[in-house]
Number of protein chains: 2
Amino acid sequence: MDWEERLSRAGGRITAPRRTVMAVLRRAARPLTPQEIHARGRRFHRSLGLATVYRALAVLERVGLVRRVHLAARCDGYMLASPGHYHVLVCRRCGRTVEFVGAEDLEGLIAQVERGTGFRVEDHLLQLVGVCAPCQGERPS
Amino acid sequence: MDWEERLSRAGGRITAPRRTVMAVLRRAARPLTPQEIHARGRRFHRSLGLATVYRALAVLERVGLVRRVHLAARCDGYMLASPGHYHVLVCRRCGRTVEFVGAEDLEGLIAQVERGTGFRVEDHLLQLVGVCAPCQGERPS
DNA sequence: ATGTATGCAAACGATTTGCAGGCGA
DNA sequence: TCGCCTGCAAATCGTTTGCATACAT
């Protein structure tokens, strides 16, 4: 099932702006901001509006065709720093956030990535998303 | 060494707004946005300015007393959704981003966290931050 | 005494919304 | 045809900056 079919089945229409957004993302080598998507999309579709890009991204994300990722810049939560790296568990229902320790398990993975990519890894962020125990008893909102 | 000493040694001054921000964060059960910190901080320090909160957070982060985390809302990069979970490697110098696969290593960790917290983990985000090979040869900016 | 830090308000930039018209199904 | 979708512009919201004053050192 291709993306057009998925969007269609979810009740969305296949339009030029949405095709453009998908085409831009398909060619992208890294995550792009809505502004970047808009700028690149205009090369194909001169009159593409920025608001439309935002709306298309919202739809495509809801349908699961596009993933919103966390960029280093412009993210705005703060916590007290704790020693070591940062690992959180976030409840997608109530928003409760728990920090946990002990990801020694990551070390092998990190070493492997360093060998494979040539990067020197200095820090990491691991965020697990799920449903906390109290929320598991409630019906979906 | 307590936080006041750390800040002081780094050349920062100990002021009422900074004490307030630290106090608010110390009591917080989850990451807070600057706006939330400001609202809570005003209970202690009536005239606290929002711009001051931003500036205090920037200083405290630079010194390592506070950590900026990535919240689900208000983060604005998009990629095509790929099957499985999301793992990225970001270069802190040039911003280059590489997606990689293979974090089976995480499964043991996730199972352990589920047992320990009662959460049901449904998704995860692993972001490694480092310096890519080309940037390792250049002098720090 | 000195220069950092503050509060306020204005500037800025990103995102969202209102609306009239267009177009996919 | 019907109503979802679009482009534009205005409104909104979060963050940063300019400036005169206050205060930590």
Side-chain angles (χ1 to χ4, degrees), chain A residues 1-24 31-63 65-66 68-78, chain B residues 2-24 31-63 65-66 68-78 95:
Chain A
M1 183 164 72
D2 65 4
W3 75 267
E4 301 196 355
E5 191 177 343
R6 275 181 69 179
L7 177 52
S8 200
R9 288 195 190 182
R13 294 183 179 173
I14 311 305
T15 66
R18 292 173 183 185
R19 275 189 226 273
T20 301
V21 168
M22 288 298 286
V24 167
L32 301 178
T33 63
Q35 322 272 338
E36 291 172 318
I37 294 167
H38 178 236
R40 297 187 185 195
R42 278 205 151 166
R43 293 180 203 146
F44 303 83
H45 186 303
R46 191 62 58 82
S47 69
L48 180 66
L50 180 55
T52 300
V53 170
Y54 279 100
R55 287 185 282 226
L57 288 170
V59 170
L60 295 170
E61 185 189 14
R62 181 151 13 89
V63 174
L65 287 166
V66 148
R68 175 178 231 143
V69 301
H70 304 259
L71 297 180
R74 308 212 48 76
C75 287
D76 40 13
Y78 290 86
Chain B
D2 66 3
W3 75 267
E4 300 197 355
E5 192 176 342
R6 275 181 69 179
L7 176 53
S8 199
R9 288 195 191 183
R13 294 182 179 174
I14 310 305
T15 65
R18 292 172 182 185
R19 275 190 225 273
T20 302
V21 168
M22 287 299 286
V24 166
L32 301 178
T33 64
Q35 323 271 339
E36 290 173 319
I37 294 167
H38 178 237
R40 297 187 186 195
R42 279 206 151 166
R43 293 181 204 146
F44 302 83
H45 186 301
R46 191 62 58 82
S47 69
L48 180 66
L50 179 55
T52 300
V53 170
Y54 278 99
R55 286 186 282 228
L57 288 170
V59 170
L60 295 171
E61 185 189 15
R62 182 152 12 91
V63 174
L65 287 166
V66 146
R68 174 177 231 143
V69 300
H70 303 259
L71 297 180
R74 308 213 51 74
C75 288
D76 39 15
Y78 291 86

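For the numbers below, each heavy atom of this structure counts, side chains included, while hydrogens, waters and symmetry mates do not. Naming convention: chains lettered A, B, ... in sequence-line order (proteins, then strands); numbering from 1 in each chain. Quick caveat: nothing in here was measured; it's all calculated off a predicted structure.
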Between A/Arg46 (CZ) and D/dT6 (P), how many Å, whole number? 19 Å
Below 3.5 Å, does any donor atom in the side chain of B/Arg55 face an acceptor in the base of C/dG7, or the other way round? yes
5' priority, DNA chain C, between A/Gly12 and B/Ser47 [closest heavy atom]: B/Ser47
Taking only side-chain nitrogens and oxygens of B/Thr52, does any of them come within less than 4.0 Å of OP1 or OP2 of C/dG7? yes
Considering every strand and a 4.0 Å limit on heavy-atom distances, what is the contact class for A/Ala51: base, sugar-phosphate, or nothing? base
Pair A/Glu5 + A/Arg9, salt bridge at N-O below 4.0 Å: yes
Whole angstroms only, please: what is the CZ-C1' distance between A/Arg42 and D/dC8? 10 Å
Heavy atoms under 4.0 Å, any strand shown: does A/Leu48 hit a base, just sugar-phosphate, or nothing? sugar-phosphate
In this structure, CG of B/Leu50 is separated from CD of B/Gln35 (nearest 0.5 Å) by 5.5 Å
Do the side chain of A/Arg13 and the base of D/dC5 come within less than 3.5 angstrom through a donor-acceptor pair of N or O atoms? no
Proximity to the side chain of B/Ile14 - top-ranked nucleotide from D/dT6, D/dT25, C/dA14: D/dT25
If you measure from CE on A/Met22 to CG on A/Leu57, what distance do you get to the nearest 0.5 Å? 10.0 Å
Is A/His38 touching bases, backbone alone, or none of the nucleic acid, heavy atoms closer than 4.0 Å? nothing
Whole-Å distance separating the CG atom of A/Leu60 from the C1' atom of D/dC5: 13 Å
Nearest-Å distance for atom pair CZ/P, residues A/Arg9 and C/dA25: 15 Å
Quick one: is A/Thr15 getting a side-chain N or O under 4.0 Å of the C/dC23 phosphate, OP1 or OP2? no
In whole angstrom, what separates A/Leu50's CG from D/dA9's P? 13 Å
B/His45 NE2 to C/dT6 C1', straight-line distance once rounded to whole Å: 9 Å
Where do A/Glu4 and A/Arg18 land on the salt bridge (charged side-chain N to carboxylate O under 4.0 Å, His left out) test, with the steps shown first? CA-CA 10 Å; A/Glu4 301 196 355; A/Arg18 292 173 183 185; over 6 Å; no
For B/Leu57 and D/dT16, give me the distance from atom CG to atom C1', rounded to whole Å. 14 Å
Between P on D/dT25 and CZ on B/Arg18, what's the gap in Å once rounded to a whole number? 10 Å
Rounded at 0.5 Å granularity, tell me how far CG in A/Leu7 sits from CD1 in A/Ile14. 4.0 Å
